[in-house]
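So that the names make sense, note that chain A is the first sequence line, chain B the second, and so on, each numbered from 1.
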Protein chains: 2
Amino acid sequence: MAFNKKEEFTQKEQDLAAFAKAISHPARIAILKTLAQRNECICGELVEILPLAQSTVSQHLKELKSAGLIDGTIDGPRSCYCINWKAFEKFNSEFNSLFNNLKLKNEKACC
Amino acid sequence: MAFNKKEEFTQKEQDLAAFAKAISHPARIAILKTLAQRNECICGELVEILPLAQSTVSQHLKELKSAGLIDGTIDGPRSCYCINWKAFEKFNSEFNSLFNNLKLKNEKACC
DNA sequence: TTATCTAATCGTATATTTGCGATATAAGAT
DNA sequence: ATCTTATATCGCAAATATACGATTAGATAA
């Protein structure tokens, strides 16, 4: 691959893609689902729930955090995570404005 | 990496992740956006719009098609693509049932 | 202090993705 | 039949992602 061409696209396209990339692994979906149900969750609980090693879970949490989908705070020797609902709202509204709004106009059959 | 552990998760988690993976690149977002606006589109038009080589665009189209997000038919020497809105509906409803419904109950502040 | 417990990071192996040029295929035009 | 034209596929190189064990760092307990 000569070069990464991602910067050649619009910021909205990159943002949507980045959010989608963050939720593009079942382990991260499972993490978010758990956080959504419990409102907050300790890292160790997630390690017990998921069929993955502690280091791998930690890596997935790091990705979700750096993508802005979750927040985390250190609580003594452990780490507490929760969902950043604002990021989900932003994704939802951009996804809708891009696809769901257009859908209403264009649902006629095609190829 | 010893093994790919994706099959260890639920089917819903895998389906959501697969859809997200399909839209996790700005080029594929741009393709879908164009198809949503025009209802259908010839491959060559997409190649002109995107800052990518023809072979790369073709590859992205293949991924979108095998993920079920678009349909394509051969029209003489060219290929016509359009969005499969059903796939978007399914993603939307699963995404909402997983996150947006829970959000209403759990929006209190946390970590 | 030393020991323990929790979580993050490092190092590494392997798998997958991204991208392009070159080639193949298939339909239409000459 | 040959020449375009449009698209798909192949083959390769480089970049990223996935996963784990080992190690490190930080807080509490003994």
Backbone N/O of A:A22 and side chain of A:E63: donor-acceptor pair under 3.5 Å: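 Pair absent, no side-chain N/O of A:E63 close to backbone of A:A22.
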
Overall bend - the helix from C:dT1-D:dA30 to C:dA27-D:dT4, comparing terminal axes fitted on five pairs, nearest 10 degrees: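 End-to-end axis angle: 10°.
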
Residues within residues 18-30 of chain B bordering DNA chain D, heavy-atom distance below 4.0 Å: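 Heavy-atom contacts with DNA chain D come from no residue of residues 18-30 of chain B; none.
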
For DNA chain D, the residues among residues 43-52 of chain B that have a non-hydrogen atom under 4.0 Å from it: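 B:C43, B:G44 - these, ordered by number, are the residues of the stretch whose heavy atoms sit under 4.0 Å from the strand.
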
Once you round it to whole Å, what is the distance between [atom2] of [N] and [atom1] of [X]?
| X | N | atom1 | atom2 | answer |
| --- | --- | --- | --- | --- |
| B:E8 | D:dT18 | CD | C1' | 14 Å |
| A:K5 | D:dA14 | NZ | C1' | 15 Å |
| A:Q14 | C:dT18 | CD | P | 14 Å |
| A:L64 | C:dA8 | CG | P | 12 Å |
| A:F9 | C:dG19 | CZ | C1' | 11 Å |
| B:L61 | C:dT18 | CG | C1' | 15 Å |

Heavy-atom closest pair, residues [X] and [Y]:
| X | Y | value |
| --- | --- | --- |
| A:L61 | A:C43 | CD1-SG, 3.9 Å |
| B:E13 | A:A30 | OE2-CB, 3.6 Å |
| A:A87 | A:L69 | CB-CA, 4.3 Å |
| A:K33 | B:L98 | CD-CD1, 3.1 Å |
| A:L16 | A:F95 | CD2-N, 4.1 Å |

Output field: ring centroids A:F91/B:F99 closer than 6.0 Å: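 Here the rings of B:F99 and A:F91 have centres that are no less than 6.0 Å from each other.
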
Sugar-phosphate only, base, or nothing, as touched by B:Q59 at under 4.0 Å among non-hydrogen atoms: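 Base contact - B:Q59 has a heavy atom under 4.0 Å of at least one base atom.
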
Sugar-phosphate only, base, or nothing, as touched by B:I42 at under 4.0 Å among non-hydrogen atoms: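 Result for B:I42 = sugar-phosphate.
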
Of B:K6 and A:I74, the one whose closest DNA chain D nucleotide lies more 5':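 Result of the comparison: B:K6.
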
Side-chain N or O of B:H60 closer than 4.0 Å to phosphate OP1/OP2 of C:dT17: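 For B:H60, the contact criterion (side-chain N or O under 4.0 Å from OP1 or OP2 of C:dT17) is not met.
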
Side-chain N or O of B:Y81 closer than 4.0 Å to phosphate OP1/OP2 of D:dA6: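 Answer is no, no contact under 4.0 Å.
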
Side chain proximity check, B:L64 to B:Y81, heavy atoms < 4.5 angstrom: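 In short, these two side chains do not touch, never coming nearer than 4.5 Å.
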
Side-chain heavy atoms of A:H25 within contact of B:K6, under 4.5 Å: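 Heavy-atom side-chain distance check passes, below 4.5 Å.
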
Where at least one partner belongs to residues 52-62 of chain B, residue pairs that pass side-chain hydrogen bond (donor to acceptor under 3.5 Å, both in side chains), sequence neighbours excluded: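 Only B:R28-B:H60 qualify under side-chain hydrogen bond (donor to acceptor under 3.5 Å, both in side chains).
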
Which residues share a salt bridge (Lys or Arg N to Asp or Glu O under 4.0 Å) with B:D15, sequence neighbours left out: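 Here the qualifying residues are B:K90.
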
So which protein nitrogen or oxygen atoms get under 3.5 Å of nucleotides 21-26 of chain C's nitrogens or oxygens?
| unit_1 | atom_1 | unit_2 | atom_2 | d |
| --- | --- | --- | --- | --- |
| C:dG21 | N7 | B:S55 | OG | 3.3 |
| C:dG21 | O6 | B:S55 | OG | 3.3 |

Residues, nucleotides or ligands: over 12 heavy atoms within 6.0 Å of B:I49 CD1: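 Atom CD1 in B:I49 is packed in, count exceeds 12.
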
Within 6.0 Å of CD in B:E7, more than 12 heavy atoms from elsewhere: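 Yes, CD of B:E7 has more than 12 neighbouring heavy atoms, counting only those of other groups under 6.0 Å.
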
Proximal nucleotide (of C:dA8, D:dT9, D:dA19) relative to the B:K62 side chain: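 Side chain of B:K62 sits closest to D:dT9.
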
same_hphob_cluster(A:L32, A:I42) at 4.5 Å side-chain heavy-atom cutoff: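 Shared cluster, no.
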
